[in-house]
Amino acid sequence: CCMFAEQHKNFIKMQIMNLATTKERRIAAGQKELAEYLFASVPTINRWQADGKLDGCYTRIGRKIIYDLNKVDSKFSK
């Protein structure tokens, strides 16, 4: 039980590091960070995600959601 949880935690850390280092991406780890970045509320981020406005801007790893801020900026700058 504990060994699996530790392996899963290490896997998630590695995936986050891979996302952060690929092409110098800027990331937000979670909806709260994205909401702070966009000066919006977490319910607004939830609504945008449900409406598909953030499609292609995030990666889900288990329960973690990692947002690529470069893609978010390009989506909202149109």
Side-chain angles (χ1 to χ4, degrees):
C1 173
C2 295
M3 184 173 280
F4 175 75
E6 189 65 31
Q7 288 174 341
H8 184 67
K9 184 177 177 182
N10 290 336
F11 173 75
I12 289 174
K13 283 182 183 178
M14 286 180 9
Q15 292 296 323
I16 290 171
M17 292 303 293
N18 287 343
L19 284 173
T21 57
T22 305
K23 297 181 184 177
E24 297 301 320
R25 289 185 184 167
R26 297 176 303 132
I27 62 169
Q31 293 178 331
K32 185 175 180 180
E33 283 187 27
L34 182 63
E36 289 171 0
Y37 176 75
L38 294 175
F39 299 103
S41 65
V42 174
T44 299
I45 301 300
N46 281 328
R47 189 171 54 252
W48 288 346
Q49 194 166 333
D51 292 344
K53 292 181 181 177
L54 295 173
D55 285 351
C57 296
Y58 64 92
T59 303
R60 182 180 287 269
I61 305 169
R63 290 177 51 194
K64 301 274 186 190
I65 301 175
I66 310 300
Y67 295 93
D68 184 338
L69 296 179
N70 294 330
K71 290 182 181 179
V72 170
D73 285 343
S74 66
K75 274 259 195 201
F76 285 100
S77 66
K78 292 180 180 179

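Computation of the quantities below employed the complete heavy-atom set of this structure, encompassing side-chain atoms and omitting hydrogens, waters and symmetry-equivalent molecules. Numbers for residues simply follow the sequence, beginning at 1.
- Ile27 and Leu69 get closest at one heavy-atom pair: O-CD1, 3.7 Å.
- For the atom pair CG (Leu38) and CD1 (Ile45), the distance works out to 5.0 Å, reported to the nearest 0.5 Å.
- Inter-residue side-chain proximity for Trp48 and Gln31 is flagged as unmet; no heavy-atom pair is nearer than 4.5 Å.
- With respect to Tyr58, the side-chain contact (heavy atoms from CB on, under 4.5 Å) criterion is satisfied by exactly one of Leu34, Val72, Ile65: Ile65.
- Under the 4.5 Å side-chain heavy-atom criterion for Ile, Leu, Val, Met, Phe, Trp and Tyr, Tyr37 and Phe76 are members of the same hydrophobic cluster.
- A pairwise comparison of heavy atoms in Arg26 and Asn70 identifies NE-OD1, 2.9 Å as the closest pair.
- Lys53 approaches Lys75 most closely through the heavy-atom pair O-CD, 3.5 Å.
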